[in-house]
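Structure, as C-alpha cells:
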Amino acid sequence: MPQQTTELRTASFADLNARTLHDLLKLRIDVFVVEQNCPYPELDGRDVEPGTRHVWLTEGDAPLAYLRILADPDGVARIGRVVVAPAARGGGHAGRLMTAALEVVGNRSCVLEAQSHLVAFYARHGFTVSGPEYVEDGIPHTPMRREAIDE
C-alpha cells in the first residue's frame with residue numbers, strides 16, 4: 001500500500017466543499033466539545049466571514065490538524081480553534097500549521113487565546129503573553145500577541 005502524504009490546505013468558507021467542512025467541524029467538536037468536555041457554541045458564525053481563512057493538514061481526505069484565521073475589525077489577525085487529531089499528536093503538525101498560518105497572516109499583528117499549557121509552543125512562533133491568565137470552560141487560557149513586522 002503506498003504511503004499517503006500530508007498536504008497543507010487553505011480556503012475561505014466559500015471554497016470549502018460540504019464534505020471538507022463536515023470533517024473539519026467534526027474534528028473541532030470531537031476535541032473541543034467532547035474530549036475537553038467544554039459544551040460551548042462551537043459554531044459561532046465566524047467561520048463564514050469573508051476574511052476568515054481555514055488552514056488544515058490532511059492525509060488522504062482525513063484532516064490531521066486545523067486552525068482558522070479571523071480578520072478582526074481592527075485589522076488584527078486572530079488565530080483560533082487550533083486542533084490536532086488525537087491519533088496525529090506528536091507528529092509536528094501543530095508547528096507546521098502555525099508556520100503556514102503566519103505566512104497567511106504576513107506582516108499584520110496577530111493575537112490568540114492560548115490554552116496556558118501551550119504558551120511556550122506559541123512563544124516559539126513569536127507570540128508573547130499580552131494579558132493575565134483566565135479560565136474559560138474550566139481550562140486556563142493566556143492571551144498572546146505577535147506584533148506587526150516592519151519590513
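Residue indices begin at 1 and follow the sequence shown.
Heavy-atom minimum distance, Y66 versus D47: OH-OD1, 3.9 Å. Considering every non-hydrogen atom in both R146 and G106, the closest pair reads NH2-O, 2.8 Å. In terms of heavy atoms, Y134 sits closest to P143 at CE2-CD, 3.8 Å. Between G131 and V129, the shortest heavy-atom distance links the atoms O-CG1, 3.3 Å. Here the shortest heavy-atom pairing between A114 and Y122 reads CB-CD1, 3.5 Å. Taking all atoms of both residues into account, the shortest heavy-atom contact from H125 to G95 is CE1-O, 3.6 Å.
No path of Ile, Leu, Val, Met, Phe, Trp and Tyr side chains, each step under 4.5 Å between heavy atoms, connects L118 with V135, placing them in separate hydrophobic clusters. L97 and V83 are assigned to two separate hydrophobic clusters, defined by single-linkage of ILVMFWY side chains at heavy-atom distances under 4.5 Å. Criterion: ILVMFWY side-chain heavy atoms under 4.5 Å apart, direct or through other members. Under it, V82 and V55 are part of a common hydrophobic cluster. In terms of hydrophobic clustering, with Ile, Leu, Val, Met, Phe, Trp and Tyr side chains grouped at heavy-atom distances under 4.5 Å, L8 and L27 are assigned to different clusters. Clustering ILVMFWY residues whenever any of their side-chain heavy atoms sit less than 4.5 angstrom apart, transitively, puts I79 in the very cluster that holds V119.
Between L67 and M98 there is a side-chain heavy-atom pair separated by less than 4.5 Å. Residues E136 and E113 have side chains not in contact (no heavy-atom distance under 4.5 Å, counting atoms from C-beta outward). Side-chain contact between V48 and T52: absent, with no pair of heavy atoms (C-beta onward) separated by less than 4.5 Å.
Atom CZ of R108 is separated from atom CD1 of I69 by 7.5 Å, given to the nearest 0.5 angstrom. Once rounded to the nearest 0.5 Å, the distance linking OG1 of T6 with CH2 of W56 reads 14.5 Å. Interatomic distance, E59 CD to L64 CG, rounded to the nearest 0.5 Å: 5.5 Å. L24 CG to L16 CG: the interatomic distance, rounded to the nearest 0.5 Å, is 6.5 Å. Note: L112 CG to T142 OG1 = 10.0 Å, rounded to the nearest 0.5 Å. Here OG of S116 is found 7.5 Å from NE2 of H141. Values are rounded to the nearest 0.5 Å.
Here the side chain of D137 pairs no donor or acceptor atom with the backbone of I139 at under 3.5 angstrom.
Look at R89 and E35 and you find a salt bridge, because one of the NZ, NE, NH1 or NH2 atoms lies within 4.0 Å of a carboxylate O, short of that distance. Ionic pairing of D72 and R46 is present here: one or more N-O contacts between side-chain nitrogen and carboxylate oxygen are shorter than 4.0 angstrom.
Put simply, the residue from V105, I149, V104 that forms a side-chain contact (heavy atoms from CB on, under 4.5 Å) with C110 is V105. Checked against R9 for a side-chain contact (heavy atoms from CB on, under 4.5 Å), the options T58, D15, L57 give a single hit: T58.
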message = Does H54 form a side-chain contact (heavy atoms from CB on, under 4.5 Å) with T20? I'd like the steps, not just the answer.
response = CA-CA 11 Å; H54 303 273; T20 299; over 6 Å; no

